[in-house]
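For clarity, every value in this text was computed on a predicted model and none was experimentally measured.
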Amino acid sequence: MSCCMSASVGSHISLLASAAGNRIQSQKFSAAANKSISRRGPAPRASIAPPPAGGDATDGATATAPKRAKVSMVSLGCPKNTVDGEVMLGDLFAEGFDITDDHDDSDAIIINTCGFVEDAKNESVNAILAAAAMKADSATSGKQKKVIVTGCLAQRYAEDLAAEMPEVDVVMGFEEYKNLPASIGSMLGVATRPHEGAGSRGRVRVGTSSPPFRPEALRKRLTPNHYAYLRVAEGCDHKCTFCAIPGFRGKFRSKQWAPIVEEAKALADTGARELCLIAEDTNQWGMDLKASDGRGLAELLEALADVDGIEWIRILYAYPSYFSEPLIDAIADIPQVAKYIDIPLQHITNLSLLRMNRPPRQHTEDLLYKLRDRIPGLALRTTFISGFPGETQAEHEDLMKFCKEFKFERLGAFAYSEEDGTPAAGYPDQVEMAVRELRRDQLISQQQDISEDFALSRVGSELDVVIDSFNPDFDAWVGRTILEAPDIDPIVFISEPAAGSGLPALATGQMRRCRVSGTSTFDLEADPLN
């Protein structure tokens, strides 16, 4: 997908800071910041051992106990950022910090930013500004709250962020995450174990965009315990003309086999029943290890399916290449592997794909029909960019026609926006924003009808449903079947078992057999059977 920024990030931040006025109310920040946690269900729980002994979390420093400090986090963006945030919180927890959802009560706030698209950048900047306002408020009562900025925006625009936002104490890139506990500890006067290179080195601490993998099993989870994101690779070697990700996420590199399997076991031991595999190009896993290992994603899926407690395995962020015959067979044949593939395509017409530097149409169509033919019951999710530079009305209509005929089970669309530093940002024939948005809306509107028909086709069927949470907004339990990924796909509303039915009450994390009784637009309504 495309990131965007029509002006430099420095001027972008300045404009946002000016628009924000003197401050953003803490209450507004707290509600928005906690959204990324609360919408996923219960408050996060640690999937790691308790922190070192050292006194009660509330009694502060004493003569016999080291000082403790509270840290909160706002984690924005994609599941890869979620994993980064979980590992950072796990490191802090293991070093004796207390993790809290209460930003007012915390001694330090980490804003784990997203730098993917314009709206995400705006959200990240506003979160930083709001944290800065809370820092200023706390100073009036003598508290020295700290603000730390991490994530993709920090990795890419560290110097600009530091220059434009003096309230930020540290801007930290990926390579420096290992030093986060020591860095926060030094600012708050909290003793931590020494880490190499963790001394005071100024406000900007970034490093390389391709750091080595760190252990990711010891996390403080931001998802509910019953599902987890499992990173299998990082970085990207593709040169899509709209995308800047390779510049700040680095070159593609697969995580080694043994750490992935051990992490899966650790996640299962702490309650995960569903693993969502993530990377920039998940199905490319292992190709850079062929000479030393020889195994690919097909073999990895088999190993993950053998992990006790894992019932669902889901592939997110696949690329329309790298679908080997063994991989297709593995998806089709391994019961635990969801018959669900997330494969962003961006466009379908050859001219647009050529301008994007993406695989050609015939390759894509052949792959899509092969996957549907070889994997019974497959649900395909994709995304498209509307209004890419040079896209004509005829190309847009061709894309609409293809989507109407192929009928993706899940589809998202984005209006193209320029990402500075990418070739596409400098292309001639930029499409007017109003036209981009109109084409996006037309594609989404058409897909709504397709998604509603897909939901109706499932009425009367019996399906396994994982219970994600009780949603107070709907006053109902909500969950998903194996054909829905967390957060991005439609949901299932599950009715409470009738009194006297003998069925157990619903609870988060359960896997319940249900009969689909109706629909609510694209969402399903279901009644438990066991």
Side-chain angles (χ1 to χ4, degrees), residues 27-28 30-45 75-76 79 82 101 221-229 270-276 311-312 314 316 338-340 342 377 379 381 409-412 444-445 447-530:
Q27 295 89 335
K28 177 182 177 182
S30 298
N34 282 322
K35 179 177 67 174
S36 62
I37 294 175
S38 65
R39 69 189 173 90
R40 293 188 174 108
R45 291 188 285 171
S75 192
L76 305 169
T82 298
D101 293 337
R221 301 263 289 282
L222 297 173
T223 64
N225 276 6
H226 61 273
Y227 73 83
Y229 296 108
T270 56
R273 308 175 74 171
E274 175 183 4
L275 297 177
C276 298
E311 299 181 47
W312 291 356
R314 187 180 307 280
L316 300 177
K339 313 315 169 195
Y340 173 107
D342 171 40
R381 158 169 277 282
E409 285 76 18
R410 315 283 184 226
L411 183 150
I444 290 296
S445 178
Q447 180 61 31
Q448 288 176 341
D449 293 334
I450 295 170
S451 296
E452 287 183 36
D453 289 343
F454 178 61
L456 286 168
S457 74
R458 305 174 79 188
V459 173
S461 57
E462 295 185 9
L463 304 168
D464 289 329
V465 177
V466 64
I467 312 299
D468 279 333
S469 65
F470 182 83
N471 190 313
D473 293 336
F474 296 112
D475 192 30
W477 289 93
V478 296
R480 296 171 290 110
T481 76
I482 200 167
L483 299 186
E484 288 88 40
D487 289 339
I488 58 175
D489 285 328
I491 58 177
V492 181
F493 294 99
I494 308 102
S495 61
E496 285 276 13
S501 66
L503 298 178
L506 300 178
T508 297
Q510 291 178 340
M511 190 80 74
R512 301 290 289 265
R513 192 70 174 175
C514 297
R515 178 179 289 112
V516 180
S517 56
T519 66
S520 178
T521 315
F522 352 99
D523 298 322
L524 302 179
E525 299 168 351
D527 303 313
L529 299 175
N530 64 359

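Pairing each heavy atom of P486 with each of R314, the nearest pair is CD-NE, 4.2 Å. Shortest non-hydrogen contact noted between I444 and L411 is CD1-O, 4.3 Å. G412 approaches R381 most closely through the heavy-atom pair N-NH1, 4.2 Å. Taking both residues in full, the closest heavy atoms of A505 and Q510 are given as O-NE2, 3.1 Å, listed atom of the first, atom of the second, then distance. Nearest approach of I467 to A507, heavy atoms of both residues: CB-O, 3.4 Å. In terms of heavy-atom proximity, Y229 sits nearest to T223 at CE1-CG2, 3.8 Å.
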Identify every side-chain donor-acceptor pair in residues 473-481 under 3.5 Å, counting partners at least two apart or on other chains, and give the distances.
residue	atom	partner	partner atom	Å
W477	NE1	E496	OE2	2.8
R480	NE	D468	OD2	2.7
R480	NH1	E274	OE1	3.1
R480	NH1	E274	OE2	3.2
R480	NH1	E484	O	3.0
R480	NH2	E274	OE1	2.7
R480	NH2	D468	OD1	3.3
T481	OG1	R458	NH2	2.8
T481	OG1	L483	N	3.1
T481	OG1	E484	OE1	2.7
T481	OG1	E484	OE2	3.3

Would you mind writing out the side-chain donor-acceptor pairs for residues 447-457 within the sub-3.5 Å range, not counting sequence neighbours?
residue	atom	partner	partner atom	Å
Q447	NE2	F408	O	2.8
Q447	NE2	S451	OG	3.1
S451	OG	Q447	O	3.2
S457	OG	F454	O	2.6

Donor-acceptor pairs under 3.5 Å, side chain of residues 517-530 to any protein atom, not counting sequence neighbours: which ones?
residue	atom	partner	partner atom	Å
S517	OG	E525	O	3.2
D523	OD1	I491	N	2.9
D527	OD1	S495	OG	2.6
N530	OD1	R513	N	3.0

Requested in this report: Check the pair R273 / V466 against side chain to side chain contact (heavy atoms under 4.5 Å, CB included), numbers first and verdict last.
Outcome: CA-CA 9 Å; R273 308 175 74 171; V466 64; 5.6 Å; no

Requested in this report: Could you walk me through whether C514 and V492 pass side chain to side chain contact (heavy atoms under 4.5 Å, CB included), step by step?
Outcome: CA-CA 10 Å; C514 297; V492 181; over 6 Å; no

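Distance CG/D489 to OH/Y340: 3.5 Å, rounded to 0.5 Å. We find the CG-CD distance between D464 and E311 to be 8.0 Å, quoted to the nearest 0.5 Å.
Residues R410 and I488 form no side-chain contact, since every pair of their non-hydrogen atoms from C-beta on lies 4.5 Å or further apart.
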